[in-house]
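Just so it is clear, the values below take in all heavy atoms, side chains as well, and ignore hydrogens, waters and symmetry mates. Note on naming: letters A, B, ... go to the chains in the order of the sequence lines (proteins, then strands), and numbering restarts at 1 for each one.
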2 protein chains.
Amino acid sequence: MKIGEIAKRTGLKIETVRFYEAEGLVPAPIRSGGNYRLYDRSHLDRLSFIKRSRDLGFTLDQVRALLRLSDDPRGSCAEADQIAAVHIAEIDRKLADLTALRSEIAQWGDTCNASIVAECKVIDALSH
Amino acid sequence: MKIGEIAKRTGLKIETVRFYEAEGLVPAPIRSGGNYRLYDRSHLDRLSFIKRSRDLGFTLDQVRALLRLSDDPRGSCAEADQIAAVHIAEIDRKLADLTALRSEIAQWGDTCNASIVAECKVIDALSH
DNA sequence: ATGAAACCTCATCCTACTAGAGGGTCAAGA
DNA sequence: TCTTGACCCTCTAGTAGGATGAGGTTTCAT
């Protein structure tokens with residue numbers, strides 16, 4: 001598999017695949033005679049794991065830790081639990097923040113209906 | 001007012017105040033004999049406006065536009081309305097994303113209860 | 001006079017990519 | 001055989017919104 005195909009299959013961009021390699025998240029694949037990267041199934045699995053983790057909002061550092069854990073199937077699950085718990089707490093905090101934000105802005109009303117800035121509710125709300 | 005005091009009053013960090021000046025969001029204040037920045041009320045108002053806008057999640061580019069608008073009280077309010085509307089849409093999108101995320105992760109259950117990675121629900125969920 | 005706290009500039013780092021320059025490889029069609 | 005176009009390569013620099021640190025000055029209280 002060349003990089004274009006693995007990118008398509010994982011849903012990553014080509015540049016991102018190379019970036020993950022440079023970051024050490026995936027092992028460097030072998031190269032073809034023309035210096036093209038050639039991927040196999042294990043790369044596909046690993047890149048899919050990363051993509052899915054990123055989609056769920058884990059940071060690359062968290063992904064790194066999760067990959068390290070998944071590389072050792074007989075290791076303890078506790079750390080994975082911990083990472084997930086921290087992440088859920090983070091999501092809940094962001095949700096609370098955004099909800100508060102949303103309701104604060106909602107108070108501005110649907111539209112301002114003023115014609116000039118001097119009477120604009122949006123600008124006014126930001127000024128005090 | 002020196003930078004430390006204006007930082008305290010606005011809730012910004014000192015470095016952030018200087019950063020906003022470098023970005024052209026606030027005019028450069030006059031300097032004391034010892035080259036210290038000396039702020040007045042107008043800086044305080046402007047930096048507070050920025051802080052409040054940032055707290056509400058506007059990007060610096062949006063803040064720039066809002067400041068430009070508020071500098072012209074006789075100008076049209078329509079653009080401010082537009083910026084706010086775009087921002088609200090963005091917040092709603094993020095809320096939807098985070099909510100979806102949260103419910104997906106919630107399916108993993110409270111804790112994994114497995115002891116080894118091979119049986120860990122977290123790792124398993126990320127693998128497929 | 002001295003020591004601490006506050007200030008200064010300038011440079012570098014952070015996340016997680018993204019974009020672009022400038023060039024090489026490869027298969028198919030004319 | 002030549003060429004065209006799609007694909008690939010490396011390397012550098014840029015993005016938002018600051019944070020951090022080095023190395024040096026100023027101010028103020030004792």
Can you tell me which nucleotide in [options] comes closest to the side chain of [X]?
{"X": "A:K13", "options": "C:dC8, C:dC17, C:dA19", "answer": "C:dA19"}
{"X": "B:I3", "options": "D:dG17, D:dT10, C:dC8", "answer": "C:dC8"}
{"X": "A:Y36", "options": "C:dG24, C:dA16, D:dG18", "answer": "C:dG24"}
{"X": "B:I14", "options": "D:dG17, C:dC7, C:dC17", "answer": "C:dC7"}

d([atom1], [X]; [atom2], [N]) in whole Å:
{"X": "A:K8", "N": "D:dA6", "atom1": "NZ", "atom2": "P", "value": "13 Å"}
{"X": "B:L38", "N": "C:dA6", "atom1": "CG", "atom2": "C1'", "value": "13 Å"}
{"X": "A:E15", "N": "D:dT10", "atom1": "CD", "atom2": "P", "value": "13 Å"}
{"X": "A:L12", "N": "C:dA16", "atom1": "CG", "atom2": "P", "value": "14 Å"}
{"X": "A:F19", "N": "D:dT10", "atom1": "CZ", "atom2": "P", "value": "16 Å"}
{"X": "B:K2", "N": "C:dC8", "atom1": "NZ", "atom2": "C1'", "value": "12 Å"}
{"X": "A:N35", "N": "C:dT25", "atom1": "CG", "atom2": "P", "value": "8 Å"}
{"X": "B:K51", "N": "D:dG17", "atom1": "NZ", "atom2": "C1'", "value": "14 Å"}

Under-4.0 Å salt bridge between B:E5 and B:K8: no
Classify B:T59 by what it touches in the nucleic acid, base, sugar-phosphate, or nothing, heavy-atom distance under 4.0 Å. sugar-phosphate
Please work out if A:R37 contacts a base, only the sugar-phosphate, or nothing of the nucleic acid, heavy-atom cut-off 4.0 Å. sugar-phosphate
Could you pick out which residue, B:R54 or B:R18, lies toward the 5' side of DNA chain D when each is mapped onto its nearest nucleotide? B:R54
5'-most by nearest nucleotide on DNA chain D - A:R31 or B:D61: A:R31
Using a cut-off of strictly less than 4.0 Å, decide whether B:T16 has a side-chain nitrogen or oxygen near OP1 or OP2 of D:dA19. yes
Kindly say if B:Y20 contacts the phosphate of D:dG17, meaning a side-chain N or O under 4.0 Å from OP1 or OP2. no
Is a donor on one side and an acceptor on the other found under 3.5 Å between the side chain of A:R93 and the backbone of A:I88? no
Please tabulate, for the side chains in residues 119-128 of chain B, all donor-acceptor contacts under 3.5 angstrom to protein atoms that are two or more places apart in sequence or on a different chain.
unit_1 : atom_1 : unit_2 : atom_2 : d
B:K121 : NZ     : B:W108 : O      : 3.0
B:S127 : OG     : B:I123 : O      : 2.8

Given DNA chain C, 5'-ward residue of the pair A:G33 and B:E5, judged by closest heavy atom: B:E5
Atom CZ of A:R31: over 12 foreign heavy atoms under 6.0 Å: yes
Just checking, any donor-acceptor pair under 3.5 angstrom between side chains of B:D40 and B:S42? yes
